[in-house]
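Before any comments, here is the structure.
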Amino acid sequence: MTSSHNAASVLDRRSTKVMLTAVFTALALATNYALIGIPNVKIMDTLVFIAAFFFGLRLGIGVAVSVWLVYGFVNPNGVDTFLMLSFLMIGECFYALAGSVLKKSFVAQNLVRGTKEYQRLSIVFGLVGLLTTFAYDALTNFGSWIFKTGSLYQDFVFGNIIGAPFSVAHEASNVVFFATIAPAIVVAATRLGLRTPQDVS
């Protein structure tokens, strides 16, 4: 019982949260640059999701914002405007929100407790990845066209029509990453004895 409370207190420390944010941000940036030649295929979204799933919404949002503060300005494909960067940051926070919400669900609790229903849970993770990425793409495609036509509605429609090929690639790759990498990390961490603040409270 004491060890559980100790684990919770360590995770609650500000220094620990800063370190975890830095680690997840570094991993996301490293994988982004490694995959820079493949448009819209990034493991970053999965890592933001995992960060929030294990360590809470605030830490997940911290990772999402930190990654784009670097990647938005230090990017071989070009520098984002402040307006576009705000859309990207908000969109990336969707993954943190999804991770935080899914952690509290009955389905995710089964996975954390180490049940053998891996395939069913993998499907759930994949669907969450698809829906979250769809929302992200809809928002950021709109952001890329905002104020370019006569109305916000047209900005949204044109942005999403023109961005459709990139959206499809993004959504397809995220379904794969969320259905494979995300549950694998959660299962591995659980077997190693890692517990989140919710688990040890």
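Side-chain contact annotation: S167 with N160, donor-acceptor N/O pair under 3.5 Å absent.
Between F54 and F24, the ring center distance fails the sub-6.0 Å criterion.
In this structure a side-chain-to-backbone donor-acceptor pair under 3.5 Å is present from T81 to M84. Side-chain N or O atoms of S86 include one that pairs as donor or acceptor with a backbone N or O of L83 at under 3.5 Å. A side-chain donor-acceptor contact under 3.5 Å links S122 to the backbone of A179.
To the nearest 0.5 angstrom, T25 atom OG1 is 13.0 Å from W68 atom CH2. Annotation: the span from L29 atom CG to K42 atom NZ amounts to 11.5 Å, rounded to 0.5 Å. Taken from CD1 in I162 to OG in S144, the straight-line distance is 8.0 Å, to the nearest 0.5 Å. Atoms CG and CD, from L131 and E171 in turn, are 9.5 Å apart once rounded to the nearest 0.5 Å. Taken to the nearest 0.5 Å, the CD1 atom of I61 stands 11.0 Å off from the CD1 atom of I90. Annotation: the span from L97 atom CG to C93 atom SG amounts to 9.0 Å, rounded to 0.5 Å.
Annotation: side chain of L47 is in contact with side chain of T31 (closest heavy-atom distance under 4.5 Å). Side-chain contact between V74 and Y33: present, with at least one pair of heavy atoms (C-beta onward) separated by less than 4.5 Å. Side-chain contact between L152 and F147 is present, with at least one heavy-atom pair separated by less than 4.5 Å. For the pair V67/E92, no side-chain contact is recorded, criterion being any heavy-atom separation below 4.5 Å from C-beta on. No side-chain heavy atom of F53 sits less than 4.5 Å from a side-chain heavy atom of S100. Between V176 and I181 the shortest side-chain heavy-atom distance does not fall below 4.5 Å.
Clustering ILVMFWY residues whenever any of their side-chain heavy atoms sit less than 4.5 angstrom apart, transitively, puts L27 in the very cluster that holds I38. Follow the hydrophobic side-chain contacts under 4.5 Å out from L130 and you never reach V124; the two are in separate clusters. F166 and V157 fall into different hydrophobic clusters, where Ile, Leu, Val, Met, Phe, Trp and Tyr are joined by side-chain heavy atoms under 4.5 Å apart, directly or via other members. V70 and L20 fall within the same hydrophobic cluster, defined by Ile, Leu, Val, Met, Phe, Trp and Tyr side-chain heavy atoms under 4.5 Å apart, directly or through other members. Under a hydrophobic-cluster definition in which Ile, Leu, Val, Met, Phe, Trp and Tyr are linked whenever side-chain heavy atoms come within less than 4.5 Å, directly or via other members, I185 and Y95 are assigned to the same cluster.
Between K17 and L59, the closest heavy-atom pair is O-CD1, 3.7 Å. When all heavy atoms of F73 and D80 are compared, the closest pair comes out as CE2-O, 4.3 Å. Nearest approach of G159 to W145, heavy atoms of both residues: CA-CD1, 3.5 Å. Shown here for M44 and A28, the closest heavy-atom pair between the two residues is CG-CB, 3.9 Å. Contact between G72 and L85 at its shortest, heavy atoms only, is CA-CD1, 3.9 Å. Y136 approaches F94 most closely through the heavy-atom pair N-CD1, 3.8 Å.
Using cut-offs of 30° and 60° for the angle between ring planes, the F142 and F156 rings count as tilted.
Looking at F49, F177, F178 one by one, the single match for ring-ring contact (aromatic ring centres under 6.0 Å, His included) with F125 turns out to be F49. With T133 as reference, N174 is the one residue of N174, D45, N40 to meet the side-chain hydrogen bond (donor to acceptor under 3.5 Å, both in side chains) rule.
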How far apart are the C-alpha atoms of I36 and N75, what are their side-chain angles, what is the distance that settles it, and do they pass the side-chain contact (heavy atoms from CB on, under 4.5 Å) test?
CA-CA 9 Å; I36 197 71; N75 192 325; 3.8 Å; yes
For F55 and T16, run side-chain contact (heavy atoms from CB on, under 4.5 Å): C-alpha distance rounded to whole Å, both residues' side-chain angles, the deciding distance at 0.1 Å, then the answer.
CA-CA 10 Å; F55 305 109; T16 303; over 6 Å; no
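In this structure, F82 places its CZ atom where only 12 or fewer heavy-atom neighbours from other residues, nucleotides or ligands lie under 6.0 Å away.
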